[in-house]
**Q** 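Dumping the structure here so I can ask a few things about it.
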Amino acid sequence: MRSSVLRRTCTAAIVTALAVTGLAACNSEGDSAADGKTRITVNCWPQPSAKIDHKRFDEDVKTFEKQNPDIDVVAHDAFPCQDPKTFDAKLAGGQMEDVFYTYFTDTERVVSINQAADITEYVKDLKAYKDIAQPLRDAYTVDGKIYGIPRTNYSMGLLYSKPLFTKAGLDPSKPPTTWAEVQAAAKKIAALGDGTVGFAEYSAQNQGGWHFTASIYSQGGAVVSEDGKKATVDTPEGKAVLQNLKDMRWRDNSMGAKQLLIINDTLQMMGSGKLGMYLAAPDNVPRIVKEAGGKYEDLAFAPMPGGKGTLMGGDGYMFNKKATPEQIKAGLKWLEWTFLTPGQGYMNNYARAASDKSPVGLPEPRLFTGATDAKDQELKKASANVPVENYQAFIDGGQQLDMKLEPKHGQQIYAVLDGAVSAVLTKKDADIDALLKDAQSKIDGILARG
């Protein structure tokens, strides 16, 4: 993977730039290898500490290059794939890779500051593109022009502990479907004592605002108006979200004393058998097992309580505005090979994943439709190695929910809503009406700036 002189040179430049500026300044605008190959830089290569994932990604690059001898892929490792602390600086400085990782919520911002290449004329050569679900394609489409390719998507649900449900006298095959039922179940689980928490919620690092958004969707509300011009958090639905958390925290004492939680906290709590429920995406399941000692058979998923909606999001790749037509074509070939072809590449080689004891069969929403989806599901089912029955309620119930994308300016909005969520969970006398009024005003300010 790093055998060529060109790759070693690029890697050295990255290390130097990181030491001096904190930015990876190794974009390959108009860059071709001495042997005439088209060279592309891509990010989101799992770090060496993730040994299996790092190895498999490396293997895939080598296989792809062997099948496409005219393309040289230079991968940059990163975890997380996008660091909010450096993303904006790299973006504004024009320092992104030729093919760079983004969240769906980044699309309009990247396009608005003219840092993305328009790839509309090139996707016609991407065989799987027409079978990607339309809402996911729309996430990378601005004013009718295509700027990115989806890689994965997710939707939020209720992750719960089957052993704690059983121990608390609850039926793990009948998870809560309303927020009132969540409250009641959380109270029973917390009553088990010994540090057991019935329900946990994030309230720091923008994660509390992210979950507030998922919860208000579940109530049938939204955080911004349909035209994206006004905040809609100071509403009955927004009040219901905060009142529910306040009741569980202070009236029922079912959320534990430790607050200002983030995802790593809930992973550890669930893995240690001390947490009954929390809102999550399906990718939390393998992390609980790998990082926190949990067991697949103990973890189950249900759709978002409330029955009206849920938050969906995802990620993918965009192209640096400086990328040449040859680099865009080469990048699209790479993305299709490793992310968009059932049975092969880093994302979809299910047989290989199962042999690595990586989870196959988790309840991710489907990326594809049509024939590509049928093939993908066939291969996934053949290699499934997790208890898929634990996720059936999530799969069945999710089909009835209104799937809503994260809002424009999502991270900025989440930062505002973090304050409201954390106040409710840390201050017994928190004024919900005042918190929502303040959040409404601040979000309106964010939206007004475009």
Side-chain angles (χ1 to χ4, degrees), residues 1-19 22-29 31 33 37-69 71-87 89-91 95-103 106 110 148-152 283 286-287 290-291 314-320 322-323 327-328 330-341 344-350 352-353 355-356 358-359 367:
M1 180 55 206
R2 296 173 184 261
S3 58
S4 72
V5 173
L6 287 168
R7 284 181 186 161
R8 286 199 300 272
T9 301
C10 182
T11 302
I14 292 167
V15 172
T16 302
L18 284 170
L23 300 177
C26 193
N27 177 266
S28 56
E29 177 189 0
D31 206 356
K37 294 182 180 181
T38 297
R39 185 182 339 121
I40 55 171
T41 54
V42 301
N43 62 1
C44 203
W45 183 18
Q47 288 186 315
S49 57
K51 294 181 180 180
I52 293 177
D53 291 342
H54 186 85
K55 174 185 175 183
R56 293 308 194 189
F57 198 97
D58 187 30
E59 288 174 353
D60 287 342
V61 169
K62 291 175 179 176
T63 300
F64 173 80
E65 289 180 333
K66 187 174 182 180
Q67 294 179 11
N68 297 272
I71 299 174
D72 186 17
V73 178
V74 180
H76 298 167
D77 57 38
F79 183 82
C81 291
Q82 183 196 115
D83 186 344
K85 292 179 289 188
T86 60
F87 179 77
K90 285 185 65 175
L91 189 65
Q95 304 298 326
M96 302 305 290
E97 286 80 2
D98 300 315
V99 188
F100 63 96
Y101 175 95
T102 58
Y103 299 120
D106 295 320
V110 177
I149 302 297
R151 183 189 78 150
T152 64
D283 65 350
R287 291 192 62 186
K290 291 180 180 180
E291 301 172 25
D315 58 28
Y317 281 87
M318 300 177 75
F319 290 75
N320 193 303
K322 299 176 183 178
Q327 288 175 318
I328 292 174
L332 287 172
K333 278 188 177 182
W334 162 249
L335 294 179
E336 182 166 48
W337 190 90
T338 195
F339 296 131
L340 301 178
T341 303
Q344 75 176 33
Y346 181 68
M347 297 297 296
N348 304 316
N349 191 334
Y350 304 121
R352 183 178 71 180
S355 71
D356 290 336
S358 296
L367 181 71

**Q** Between K62 and D58, does any NZ, NE, NH1 or NH2 come within less than 4.0 Å of an OD or OE carboxylate oxygen?
**A**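 Yes, charged N to carboxylate O under 4.0 Å.
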
**Q** Kindly indicate whether the side chain of Q327, heavy atoms from C-beta on, has any atom under 4.5 Å from the side chain of T38.
**A**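 Heavy-atom side-chain distance check passes, below 4.5 Å.
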
**Q** Looking only at atom types and distance, does a side-chain atom of T152 sit under 3.5 Å from a main-chain N or O of G314, one as donor and one as acceptor?
**A**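 Pair absent, no side-chain N/O of T152 close to backbone of G314.
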
**Q** I'd like to check W337 versus F339 (side-chain heavy atoms, cut-off strictly below 4.5 Å). Are they in contact?
**A**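 No, their side chains stay 4.5 Å or more apart.
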
**Q** Test your reading of the model: is there a side-chain donor-acceptor pair from T63 to the backbone of D60, 3.5 Å cut-off?
**A**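 No, T63 side chain to D60 backbone: no donor-acceptor pair under 3.5 Å.
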
**Q** Quick check: do L367 and L340 have side-chain heavy atoms less than 4.5 Å from each other?
**A**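 SC-SC contact between L367 and L340 confirmed.
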
**Q** Should the ring pair H54 and W45 be called parallel, tilted or perpendicular, given that the plane angle runs from 0 to 90° and is split at 30 and 60?
**A**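 Parallel: the ring planes of H54 and W45 meet at under 30°.
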
**Q** State, with a plain yes or no, whether a side-chain heavy atom of I40 is found less than 4.5 Å away from one of K333.
**A**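 A side-chain contact under 4.5 Å is absent here.
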
**Q** Test your reading of the model: is there a side-chain donor-acceptor pair from D98 to the backbone of A323, 3.5 Å cut-off?
**A**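 No: the side chain of D98 does not pair with the backbone of A323.
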
**Q** Do the side-chain N and O atoms of Q82 and D315 include a donor-acceptor pair separated by under 3.5 angstrom?
**A**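 Distance-only check fails for Q82 and D315.
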
**Q** For the residue pair K90 and E97, establish whether any side-chain heavy-atom pair is separated by less than 4.5 Å.
**A**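 When only atoms from C-beta onward are counted, E97 and K90 do touch, with a gap below 4.5 Å.
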
**Q** Determine the interplanar angle of the F64 and W334 rings, folded into 0 to 90°, and report it as parallel if under 30°, tilted if 30 to 60°, perpendicular if over 60°.
**A**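 Perpendicular, since the angle between the ring planes exceeds 60°.
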
